[in-house]
Asker: 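Okay, here's the structure, questions in a sec.
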There are 2 protein chains.
Amino acid sequence: MDESCTVYRTMEYLSKRWSLLIILELFKGQEDGKRYSELKRDLPGITPKMLSTRLKELEDEGLIENVVDSSSFPVRSDYFLTPAGWALIDVVKALKDWALAWKIDNVACGLQDCADCHL
Amino acid sequence: MDESCTVYRTMEYLSKRWSLLIILELFKGQEDGKRYSELKRDLPGITPKMLSTRLKELEDEGLIENVVDSSSFPVRSDYFLTPAGWALIDVVKALKDWALAWKIDNVACGLQDCADCHL
DNA sequence: CGGTATCCTTTCGGATACTG
DNA sequence: CAGTATCCGAAAGGATACCG
């Protein structure tokens, strides 16, 4: 195990607080993505600073995309998953399946199409 | 998204630094698991305090098991994955596959049976 | 609305020494 | 060998105010 390990390098940015949850929220937004204020609303407890920071990191990693419409007022800013970001949902799904199988008894989340996250 | 979210609750402990890497190292040990000193050796940069802390957390979560032989001197302490811990490897594998597909060009890691982590 | 800027607290985690 | 104890610095992250 060293810094060349793929798992090691990937966890460096994915293990950060809120990162995967932001990905999950954008997935819930489906093809429409979500706006900054929607993400803020849907991630209770996150501060504006933290949200901005994580969004920038995820954009730098190529997992999300930001579309800004400066012509409207107030400015409209939408965030979407990139193909790489979409693909990450498989990992999140594996994580959820594991948790439901071994760790958590969460009926709502165990439904075929989870009412909350559709995962 | 709130504290009842399965993904949220799972990331609370799995996203901590070293946690998944410790799981991965124990997986590499296969049925023999690994000793404290082996984990320390195989996770360059981890401090004894950090290793102890994470091992305790993972044990509390039921992902690893610690077998101590006090009759030998020095005391022998071995760590193994529990069934829940073994099952987590599927998630780590999904993570690695995603990274190789979208983020990292890591030839060694992409081999059918990765020379380093056998994942 | 979509962020920044500032300040401040807390906790994470590193270094090192020590012990049964 | 398998940890624990102590100390300490850096950084992560929270609260809040503010701005175009």
Side-chain angles (χ1 to χ4, degrees), chain A residues 1-3 8-9 11-23 25-26 29 32-61 63-81, chain B residues 1-3 8-9 11-23 25-26 29 32-61 63-81:
Chain A
M1 166 81 56
D2 57 30
E3 338 70 44
Y8 180 99
R9 289 169 61 189
M11 288 303 288
E12 282 290 310
Y13 54 92
L14 282 189
S15 74
K16 292 191 177 179
R17 198 174 182 196
W18 299 111
S19 292
L20 274 193
L21 301 177
I22 289 171
I23 298 288
E25 286 306 317
L26 291 182
D32 290 334
K34 285 199 178 183
R35 303 177 65 167
Y36 183 90
S37 54
E38 294 177 312
L39 287 169
K40 193 159 170 341
R41 177 197 63 202
D42 298 338
L43 294 166
I46 200 169
T47 59
K49 190 178 88 171
M50 193 51 21
L51 182 53
S52 298
T53 303
R54 289 290 177 268
L55 287 171
K56 209 143 292 180
E57 289 170 357
L58 292 171
E59 197 176 358
D60 288 346
E61 288 292 341
L63 307 191
I64 70 175
E65 184 190 3
N66 182 21
V67 176
V68 181
D69 178 3
S70 315
S71 71
S72 69
F73 184 83
V75 169
R76 182 186 177 97
S77 180
D78 290 277
Y79 292 88
F80 303 87
L81 293 178
Chain B
M1 164 84 55
D2 56 29
E3 339 70 43
Y8 180 99
R9 289 169 60 188
M11 288 304 287
E12 282 289 310
Y13 54 92
L14 282 190
S15 73
K16 292 192 176 178
R17 198 173 182 198
W18 300 110
S19 293
L20 272 193
L21 301 177
I22 290 171
I23 298 287
E25 285 306 316
L26 292 181
D32 289 335
K34 285 198 179 184
R35 304 178 63 168
Y36 183 89
S37 55
E38 294 177 312
L39 287 170
K40 193 158 171 336
R41 178 197 63 201
D42 299 338
L43 294 166
I46 199 170
T47 60
K49 189 177 88 171
M50 195 47 26
L51 182 53
S52 297
T53 303
R54 289 290 176 267
L55 287 171
K56 210 143 291 179
E57 290 169 358
L58 292 172
E59 197 176 356
D60 288 346
E61 288 291 343
L63 307 191
I64 70 175
E65 183 190 5
N66 182 20
V67 177
V68 181
D69 177 3
S70 314
S71 71
S72 71
F73 184 83
V75 169
R76 181 185 178 97
S77 181
D78 290 277
Y79 291 88
F80 303 88
L81 294 178

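Keep in mind the model is a prediction, meaning the values are calculated, not measured. Reminder, nothing fancy here: chain letters follow the sequence lines and each chain counts from 1. Values reported hereafter were calculated over all heavy atoms of this structure, with side chains retained and with hydrogens, waters and symmetry mates removed.
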Asker: Rounded to the Å, how far apart are B:L51 CG and C:dC12 C1'?
Answerer: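 After rounding, the reported distance stands at 16 Å.
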
Asker: Look at the side-chain N and O atoms of A:S77 and state whether any lies under 4.0 Å from the OP1 or OP2 oxygen of C:dG3.
Answerer: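 Answer is yes, contact under 4.0 Å.
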
Asker: According to a strict under-4.0 Å criterion, is A:R35 in side-chain N/O contact with OP1 or OP2 of C:dG3?
Answerer: no

Asker: Are any of B:S52's side-chain N or O atoms less than 4.0 Å away from OP1 or OP2 of D:dT4?
Answerer: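 Yes, B:S52 has a side-chain N/O under 4.0 Å of OP1/OP2 on D:dT4.
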
Asker: Under 4.0 Å between a side-chain N or O of B:K56 and OP1 or OP2 of D:dT4?
Answerer: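 For D:dT4, OP1 or OP2 has a side-chain N or O of B:K56 closer than 4.0 Å.
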
Asker: Any donor-acceptor pair under 3.5 Å linking the side chain of B:R17 with the backbone of A:S15?
Answerer: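 Checking the backbone N and O of A:S15 against the side chain of B:R17, no donor-acceptor pair under 3.5 Å is found.
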
Asker: Between B:R9 and B:E12 (salt bridge meaning N to carboxylate O under 4.0 Å), is one present in this structure?
Answerer: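 No salt bridge links B:R9 with B:E12.
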
Asker: Give a yes/no on whether any side-chain N or O of B:R17 is located under 4.0 angstrom from OP1 or OP2 of C:dG14.
Answerer: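 Yes, because at least one side-chain N or O of B:R17 sits under 4.0 Å from OP1 or OP2 of C:dG14.
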
Asker: Scan B:R54 against the nucleic acid and name what it touches under 4.0 Å (heavy atoms): base, sugar-phosphate only, or nothing.
Answerer: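 If one applies the 4.0 Å heavy-atom cut-off, B:R54 turns out to touch the sugar-phosphate alone, with no base involved.
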
Asker: Measuring from A:K34:NZ to A:K40:NZ, what's the distance to the nearest 0.5 Å?
Answerer: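 Rounded to the nearest 0.5 Å, the NZ-NZ separation comes out at 14.0 Å.
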
Asker: Would you say a side-chain N or O of B:Y79 is under 4.0 Å from OP1 or OP2 of D:dG3?
Answerer: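 Yes, B:Y79 has a side-chain N/O under 4.0 Å of OP1/OP2 on D:dG3.
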
Asker: Go nucleotide by nucleotide along DNA chain C from the 5' end; which of B:I46 and A:K49 gets its closest nucleotide reached first?
Answerer: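 On the 5' side of the pair lies A:K49.
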
